[in-house]
Amino acid sequence: MLFEQLNLIDPILKALIEEGYTNPTPIQQQAIPIVLEGRDLLGCAQTGTGKTAAFSVPILQLLDGRPRNSRDPKNIRALILTPTRELAIQIDESIAAYGRHTNLRHTVIFGGVSQKPQTDTLGRGCDILVATPGRLLDLMQQRYISLDQIEIFVLDEADRMLDMGFIHDVRKVIARLPARRQSLFFSATMPPEIMQLADTILTNPQKVAVTPPSTTVEAIRQELYYVEKSDKRALLAHLLNEHKVPSALVFTRTKHGADRVAKELLRTGIKAEAIHGNKSQNARQRALSNFKSGQTRVLVATDIAARGIDVENLSHVINYEIPNIPETYVHRIGRTGRAGADGIAFSFCDTEERAYIRDIHKLIAKPIPVVHDHPYVSAAGSPESVAAPAKPIKPQQNNFQPRHPQGSSSQKNKKSWYGSRTGGKRPAFNS
Ligand code: AMP
């Protein structure tokens, strides 16, 4: 399918072409027509599926084609609520790109920085506001922001909002929205608590689900290294050099761990920086832009800090520590192999982490290939000691079916979404 087939207006089509997009991703194919019809949407999709454009593009088109309800240019017409600053900035950048040939104004607000530039921009008028919950509530309390004229509301990454303890703030925001509005709700997972929240926000929603974690996993080359905890640093430096890794996102479980690993890498002459919640907003942005521009080769991150980081051409994800929640493994390795690029994921497992690996094997329904040929192989890493994965279970049960499980992507187009990730084949949907 082509973007031209989605009934988009010329200014938006032009911007998408300039971005190099020709084929809508599955979430875009499904969500854009629903949103353009003015319907509520419940979307099960994670970052990396193209979900930002799936909601931003139709919002831009709807607002562009409608007169304002209110004469006051300060009245915000669409609100996008997202959990992290990094995600908020990325969404705002996407809106700037896709909406560059419209006259709609947009801005982004988040905490941890001075509010003055944000309130100045809001004062000049804004159609689309991207916000994190804390700063939004703060500015609402100070009466810089009113949600009275909101026509479209997006709750992005709802499950992460819950994880990060923002659910009360989210509820407070929802309570201030006008009853008559269109609402779009996105979450990577749909546990009961999230479904309940969705019920309170949405009216008769259309449901779409794409790219369940198992399909993401299949597109990425994965390698498992059994190694003693004390040898992990040496193994990391060895692999980065041996494989001439150009850019790697390394995951640790703790903030201290992230700092330690970054320091060790620097000591061995590898340019590395850590990113986590204890760092100031400026330090995080700087680390991220150094990594994106290639000045830093390795970014060491905790899960929460890494959520929403969208780095094109990220070649490797390295699980320095194995996550204790198996879904996190899938989220982590999904950071590589984005937008048609090849991805490689290395995982370092020490003795204490073996149970976590077993859980991951169950979730992805196959064992991660073990690399035995490396200088730091642990005694516990022989093939016999590798537990056979338990009977495969279905990776992630979504509570609904995709609307258009079939379809084909054009081979002609220069930037095919499925490209090298799946040999040009559409990944299977979880049904
Ligand atoms: P998202 O899931 O919104 O974070 O998007 C992941 C990445 O895919 C971003 O770098 C987008 O710029 C890119 N992207 C989104 N839609 C498309 C598309 N239709 N074709 C190619 N790249 C896309």
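If you're wondering where the values come from, they're calculated on a predicted model, not measured in any experiment. One-based numbering, in listed order, for ligands and for the atoms of each.
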| field | Per-atom contacts of ligand 1 with Asn23, taking only distances under 4.0 Å to non-hydrogen atoms | value | 18 (C), 19 (N), 20 (N)
| task | Describe, in one word, how the ring planes of Phe55 and Phe186 are oriented to each other, choosing from parallel (under 30°), tilted (30 to 60°) and perpendicular (over 60°). | result | tilted
| task | Give the atoms of ligand 1, by number and element, whose distance to some non-hydrogen atom of Phe3 is under 4.0 Å. | result | 19 (N)
| Heavy atom under 4.0 Å from ligand 1: found in Leu16's side chain, backbone, both, or neither? | neither
| query | Any Lys/Arg nitrogen of Glu86 or Arg284 sitting under 4.0 Å from an Asp/Glu carboxylate oxygen of the other? | reply | yes
| Which residue pairs pass the salt bridge (charged side-chain N to carboxylate O under 4.0 Å, His left out) test when at least one of the two sits in residues 94-112, sequence neighbours left out? | Glu18-Arg100, Glu19-Arg100, Arg105-Asp127
| field | For ligand 1, the portion of Gln28 having any non-hydrogen atom under 4.0 Å away | value | side chain
| Are the charged groups of Arg176 and Asp148 less than 4.0 angstrom apart, N to O? | no
| message | For the residue pair His276 / Asp259, report whether a side-chain donor-acceptor contact shorter than 3.5 Å exists. | response | yes
| field | Ligand-residue contact atoms, ligand 1 with Gly50, heavy atoms, under 4.0 Å | value | 1 (P), 2 (O), 3 (O), 5 (O), 15 (C)
| request: Please indicate whether any nitrogen or oxygen in Thr49 is less than 3.5 Å from any nitrogen or oxygen in ligand 1. | output: yes
| field | Atoms in ligand 1 flagged as close to Thr52, the criterion being non-hydrogen separation under 4.0 Å | value | 1 (P), 3 (O), 4 (O)
| field | Over 12 non-hydrogen atoms of neighbours within 6.0 angstrom of NE2 in His243 | value | yes
